[in-house]
Amino acid sequence: MPPSIPAIIIVEDEPHILVVIRRILRDLQLPYDIIAVDNADSALAQAAYHTCPLLITDYLLRGTNGLELAREFKARYRSAVIMMTAYATPELRAATRAAEIDHFLSKPFLIADLERAICSALRA
């Protein structure tokens, strides 16, 4: 039985950032459930029960990093991906381009930049 509940999954291990991103998504009034988790394993477990048009993930996570998680979501679910990080090195930017990550945001970022990335990723 294929997953049928569409959801946007947020993966962020900083609770205050997770709350802000969840609030931004709710304010956009998108027709998706919003699932917020703090690690890659939980994100993959949730994706088994939902269609996932968009993954929003931090780069530095416990266990699997956000880039590995993004590659998994793109391969398995064909999800659009927004990667966020406070450690935006040239090497990481190149790796996200190579992995065809849809949007890359350096922390701190403007709420408007995240909103634009979300809307753009869901249109693609």
Side-chain angles (χ1 to χ4, degrees):
M1 178 174 74
S4 61
I5 302 167
I8 295 171
I9 298 178
I10 310 162
V11 188
E12 172 60 67
D13 57 359
E14 292 290 335
H16 64 283
I17 296 173
L18 195 59
V19 167
V20 169
I21 295 170
R22 185 181 226 166
R23 189 170 296 141
I24 290 167
L25 284 163
R26 284 192 180 137
D27 289 348
L28 289 172
Q29 299 180 347
L30 299 169
Y32 304 101
D33 282 348
I34 301 166
I35 298 170
V37 298
D38 65 358
N39 64 74
D41 290 338
S42 294
L44 289 167
Q46 288 294 325
Y49 297 101
H50 303 273
T51 55
C52 184
L54 177 60
L55 170 70
I56 302 173
T57 186
D58 189 22
Y59 172 67
L60 287 181
L61 302 168
R62 290 183 297 276
T64 302
N65 69 46
L67 187 57
E68 292 169 3
L69 178 63
R71 287 182 182 131
E72 185 80 17
F73 265 74
K74 287 191 114 12
R76 267 194 208 181
Y77 308 111
R78 298 185 182 151
S79 301
V81 176
I82 298 172
M83 174 80 63
M84 311 171 293
T85 187
Y87 305 97
T89 65
E91 295 81 12
L92 180 56
R93 286 184 182 277
T96 59
R97 281 191 300 277
E100 299 180 355
I101 303 303
D102 300 274
H103 297 276
F104 183 88
L105 297 174
S106 296
K107 293 178 182 175
F109 49 80
L110 299 173
I111 290 173
D113 291 338
L114 179 58
E115 289 173 340
R116 276 192 290 280
I118 291 166
C119 292
S120 172
L122 290 172
R123 276 193 304 270

Once you round to the nearest 0.5 Å, how far does [atom1] of [X] lie from [atom2] of [Y]?
X     : Y      : atom1 : atom2 : answer
Ile10 : Ile21  : CD1   : CD1   : 6.0 Å
Ile9  : Gln46  : CD1   : CD    : 6.5 Å
Met84 : His103 : CE    : NE2   : 13.5 Å
Ile8  : Ile56  : CD1   : CD1   : 6.0 Å

Does some side-chain heavy atom of [Y] sit less than 4.5 Å from a side-chain heavy atom of [X]?
X     : Y      : value
Leu92 : Phe104 : yes
Leu54 : Leu30  : no
Leu44 : Phe73  : yes
Arg93 : Ser106 : yes
Asn39 : Leu61  : no

Run Thr96 and Tyr59 through side chain to side chain contact (heavy atoms under 4.5 Å, CB included) and show every step you take. CA-CA 10 Å; Thr96 59; Tyr59 172 67; over 6 Å; no

Over all atoms of both residues, closest heavy-atom pair of [X] and [Y]:
X      : Y      : answer
Pro6   : Thr51  : CA-OG1, 3.1 Å
Tyr77  : Ala48  : OH-N, 4.2 Å
Leu67  : Ala99  : CD1-CB, 3.9 Å
Ala70  : Leu55  : CA-CD2, 4.1 Å
Val11  : Ala40  : CG1-N, 4.1 Å
Leu114 : Leu105 : CD1-CD1, 3.7 Å

Answer yes or no: is there a donor N or O on one side and an acceptor on the other, between the side chain of Glu12 and the main chain of Glu14, under 3.5 Å? yes

Check whether Lys74 reaches the backbone of Ser79 with its side chain - one donor and one acceptor, N or O, closer than 3.5 Å. yes

Given the rule that I, L, V, M, F, W and Y join up when any side-chain heavy atoms are under 4.5 Å apart, are Val19 and Leu28 in one cluster? no

Assigning hydrophobic clusters by single linkage (Ile, Leu, Val, Met, Phe, Trp, Tyr; side-chain heavy-atom cutoff under 4.5 Å), is Val20 placed with Leu110? no

State which residue, out of Ile101, Asp102, Asp58, fulfils the side-chain contact (heavy atoms from CB on, under 4.5 Å) condition with Met83. Ile101

Show every salt bridge (charged side-chain N to carboxylate O under 4.0 Å, His left out) that has at least one partner inside residues 30-46, sequence neighbours left out. Asp38-Arg62

Applying salt bridge (charged side-chain N to carboxylate O under 4.0 Å, His left out), can you list everything that pairs with Arg23, at least two apart in sequence or on another chain? none

Would you indicate whether Glu115, at its atom CD, is surrounded by more than 12 heavy atoms from other residues, nucleotides or ligands within a distance under 6.0 Å? yes

Inspect the surroundings of CG in Leu60 and state if more than 12 heavy atoms from other residues, nucleotides or ligands are less than 6.0 Å away. yes

